[in-house]
2 protein chains.
Amino acid sequence: MATRSEYATRPRERIAGVLRGARRFFSAAEVHRELTAQHVRVALSTVYRTLEHLREKGEATIRVDDTGEATYMFCEPAQHHHHAICNGCGRVEDVDCSAVEQFADSLRNLHGFLLDAHTMEFYGRCAACR
Amino acid sequence: MATRSEYATRPRERIAGVLRGARRFFSAAEVHRELTAQHVRVALSTVYRTLEHLREKGEATIRVDDTGEATYMFCEPAQHHHHAICNGCGRVEDVDCSAVEQFADSLRNLHGFLLDAHTMEFYGRCAACR
DNA sequence: ATATTTGCAAATAATTTGCACGTAA
DNA sequence: TTACGTGCAAATTATTTGCAAATAT
């Protein structure tokens, strides 16, 4: 027993390589396109499975963009933080925000709402793109 | 000229009626299911078109949920505010948050990031559900 | 009248799945 | 070996579109 998965295969390495290439979110189609450009043939379904696999391992974060497409990015365990996404290059910066605790209090006071979780994203221009 | 659309049709009234029924987000499928339950026959494509139409008119807000499904809710012009979504009943409460201005400043100072827009959502239990 | 809206069926797009074959350990 | 991974093609799901018929103004 103690069946642990984890085979280091070429397709997986290449897919992870694409994510490692830039700190931004990639859709399965983008990863696949990138690999094709590198003359690496991988099935699109494998890209989907691998991205989901990375997420299960906690190595990647998922984000459903406003068109409904799922995108992934390498992202540390993420002790709660938020993302600032550049509209120019897509680069993502982590934003720690402890001030959120205050929101939680006012939410309870003003709305009687008990906070379990929250998401925040900021869009704009990173230092390099503006 | 001055071609203005806007026909008050029965399907549109019924679809709007569903949204009016609860202050929460509905997917096209949910609206359609609801109407079917009310013995109102409307094409699913009409639901899609009508929801999108309501959004264009500024009467409804769209939200792509974590599964990638588009959902809509009636929502006032929305002088910038955020949503507190109940995990129990889905009810949505508006959360005004002027404190965000402060975030904008620290973002610029800490990351050199110029903020254009942002989104925030809070999940938890509303007063009625906890 | 006539411009807009609807229903229906077919087309897309993103994602998932079944399965025979390939491969890491 | 043999359990896990991959490719491929077919199946799902959510959403969109073309077009003739229905409807609001």
Side-chain angles (χ1 to χ4, degrees), chain A residues 1-19 24-73 90, chain B residues 1-19 24-73 90:
Chain A
M1 50 238 68
T3 316
R4 289 282 93 238
S5 46
E6 211 45 34
Y7 278 17
T9 69
R10 181 138 170 295
R12 288 188 173 179
E13 280 164 16
R14 306 310 299 253
I15 292 166
V18 172
L19 290 200
R24 68 178 185 82
F25 287 92
F26 289 87
S27 67
E30 281 177 322
V31 171
H32 190 256
R33 210 175 298 133
E34 177 68 28
L35 291 176
T36 300
Q38 296 173 21
H39 304 294
V40 177
R41 269 179 64 92
V42 186
L44 180 54
S45 57
T46 298
V47 176
Y48 275 106
R49 284 185 281 223
T50 300
L51 291 175
E52 191 46 32
H53 179 248
L54 287 171
R55 191 176 71 82
E56 281 164 4
K57 284 203 302 173
E59 293 188 15
T61 300
I62 190 175
R63 171 177 126 83
V64 176
D65 70 23
D66 55 350
T67 74
E69 232 188 313
T71 59
Y72 298 78
M73 175 179 73
Chain B
M1 54 232 79
T3 317
R4 290 282 93 233
S5 46
E6 211 47 29
Y7 279 18
T9 69
R10 181 137 171 295
R12 287 188 173 180
E13 281 165 16
R14 305 309 300 255
I15 291 166
V18 172
L19 290 200
R24 67 176 186 81
F25 287 93
F26 289 86
S27 67
E30 281 177 321
V31 171
H32 190 257
R33 210 176 298 136
E34 177 69 27
L35 290 176
T36 299
Q38 296 173 19
H39 303 293
V40 177
R41 269 180 63 91
V42 185
L44 181 55
S45 59
T46 298
V47 176
Y48 274 106
R49 284 185 282 223
T50 299
L51 290 175
E52 191 46 32
H53 177 249
L54 287 172
R55 192 177 71 81
E56 280 164 4
K57 284 204 301 176
E59 294 187 14
T61 301
I62 190 176
R63 171 177 125 83
V64 176
D65 71 20
D66 55 351
T67 73
E69 232 188 312
T71 59
Y72 298 78
M73 175 178 73

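In what follows, every chain begins at residue 1, and chains take the letters A, B, ... in the order their sequences are listed. Just so it is clear, the structure is predicted and the values come from calculations on it, not from any experiment.
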(message) For D/dG5 and A/R14 - does any side-chain N or O of the residue sit under 4.0 Å from the phosphate oxygens OP1/OP2?
(response) no
Tell me the interatomic distance from [X], atom [atom1], to [N], atom [atom2], rounded to whole angstroms.
X	N	atom1	atom2	result
A/E13	C/dT23	CD	P	14 Å
A/H53	D/dC4	NE2	C1'	10 Å
A/R10	C/dA25	CZ	P	15 Å
A/D65	C/dA13	CG	P	16 Å
A/H32	C/dA13	NE2	C1'	15 Å
B/D66	C/dT15	CG	C1'	15 Å
A/I62	C/dA14	CD1	C1'	12 Å

(request) Spell out protein contact along nucleotides 11-23 of chain D as letters: B when the base is contacted, S when just the sugar-phosphate is, - when no protein heavy atom is under 4.0 Å; keep the 5' to 3' order. (result) ---SBBBB-----
(request) I would like to know whether A/R10 and A/E13 meet salt bridge (Lys or Arg N to Asp or Glu O under 4.0 Å); could you show each step before the answer? (result) CA-CA 5 Å; A/R10 181 138 170 295; A/E13 280 164 16; over 6 Å; no
Exercise: identify the closest heavy-atom pair between [X] and [Y]:
X	Y	value
A/R63	A/F25	CB-CE2, 3.4 Å
A/F26	A/L19	CD1-CD2, 3.5 Å
B/G90	B/R24	O-CB, 3.2 Å

(message) Assess the residue pair B/E52 and B/R55 against the criterion (salt bridge (Lys or Arg N to Asp or Glu O under 4.0 Å)); give the C-alpha distance rounded to whole Å, side-chain angles, the decisive distance to 0.1 Å, and a yes or no.
(response) CA-CA 5 Å; B/E52 191 46 32; B/R55 192 177 71 81; 2.6 Å; yes
(message) According to side chain to side chain donor-acceptor pair (under 3.5 Å), who are the partners of A/T71, at least two apart in sequence or on a separate chain?
(response) none
